[in-house]
Amino acid sequence: RLKAKGLIIEHMTSISEVTEKQLDEDELRSLMGYKGQVVHRLEEQSGAIISMQKDVIPAQMFIRGTALQRAKAWELAQEVLLNDAVETHDIPMQLRRIVVGPNGT
């Protein structure tokens with residue numbers, strides 16, 4: 001019984017430890033993913049609990065869990081952001097219609 005109580009207290013304490021990260025709009029979109037799939041995957045792989053505050057600028061990412069879980073979640077998040085980088089390329093005006101299409105789609 002005491003062991004169970006100790007484990008519960010340890011778990012509650014670890015959840016109350018929070019790492020906070022600031023995200024720009026593109027980073028937030030990448031880490032959320034379609035219907036939250038990416039953030040759910042990060043939670044499953046790290047064991048951390050992740051929440052996002054989207055209504056502030058910059059957006060906030062809160063990672064809850066043990067120090068190891070929080071570190072793993074942020075490491076995984078950085079991998080997502082690195083692999084989701086966007087490149088831009090200038091296209092000469094005369095080729096834009098060919099690349100973009102006649103209706104701009």
Side-chain angles (χ1 to χ4, degrees):
R1 204 174 194 185
L2 286 174
K3 184 177 180 181
K5 184 178 180 180
L7 289 172
I8 291 170
I9 291 170
E10 180 182 329
H11 178 71
M12 295 305 289
T13 302
S14 72
I15 289 177
S16 67
E17 296 178 30
V18 179
T19 299
E20 182 179 333
K21 302 290 184 180
Q22 294 183 344
L23 306 171
D24 66 32
E25 189 176 319
D26 291 332
E27 292 170 330
L28 174 67
R29 195 175 308 114
S30 294
L31 291 174
M32 288 298 295
Y34 178 72
K35 294 188 177 181
Q37 289 176 346
V38 174
V39 73
H40 291 309
R41 188 180 76 236
L42 296 178
E43 289 179 320
E44 287 175 9
Q45 291 177 352
S46 67
I49 298 169
I50 301 171
S51 60
M52 308 283 193
Q53 185 174 1
K54 302 176 263 189
D55 59 346
V56 295
I57 299 175
Q60 303 291 318
M61 176 180 182
F62 302 98
I63 308 170
R64 292 176 173 76
T66 65
L68 186 60
Q69 289 170 327
R70 294 189 323 265
K72 181 67 176 175
W74 182 240
E75 177 185 323
L76 292 168
Q78 289 177 308
E79 288 176 17
V80 168
L81 296 174
L82 183 64
N83 293 328
D84 207 27
V86 176
E87 292 184 31
T88 59
H89 302 275
D90 288 326
I91 300 170
M93 187 61 84
Q94 65 272 21
L95 298 177
R96 289 184 185 175
R97 185 174 174 96
I98 295 169
V99 173
V100 176
N103 295 322
T105 58

Could you walk me through whether Glu75 and Lys72 pass the side chain to side chain contact (heavy atoms under 4.5 Å, CB included) test, one step at a time? CA-CA 5 Å; Glu75 177 185 323; Lys72 181 67 176 175; 4.0 Å; yes
Tell me whether Gln69 contacts the main-chain N or O of Gly47 through its side chain, where contact means a donor paired with an acceptor under 3.5 Å. yes
Under 4.5 Å between side-chain heavy atoms, hopping through other hydrophobics if needed: is there a path connecting Leu28 to Leu81? yes
Side-chain heavy atoms of Ser51 within contact of Arg64, under 4.5 Å: yes
Check against side chain to side chain contact (heavy atoms under 4.5 Å, CB included), Thr66 and Glu17: CA-CA 7 Å; Thr66 65; Glu17 296 178 30; over 6 Å; no
Out of curiosity, Met32 CE to Leu23 CG, how far, rounded to the nearest 0.5 Å? 10.5 Å
Starting at CG of Leu31, measure out to CE of Met52 and round the result to the nearest 0.5 Å. 5.0 Å
Contacts of Ile91 meeting side chain to side chain contact (heavy atoms under 4.5 Å, CB included) (sequence neighbours excluded), chain-then-number -> Leu95, Arg96, Val99
Go through the structure and list residues passing salt bridge (charged side-chain N to carboxylate O under 4.0 Å, His left out) with Glu25, not counting sequence neighbours. Arg29
Taking all non-hydrogen atoms of both residues into account, name the closest pair between Lys54 and Ala59 and its distance. CA-CB, 4.5 Å
Minimum-distance pair of heavy atoms, taken over all atoms of Ile50 and Ala73: CD1-CB, 4.1 Å
Side chain to side chain contact (heavy atoms under 4.5 Å, CB included) partners of Thr19, counting only residues at least two apart: Lys21, Ile63, Arg70
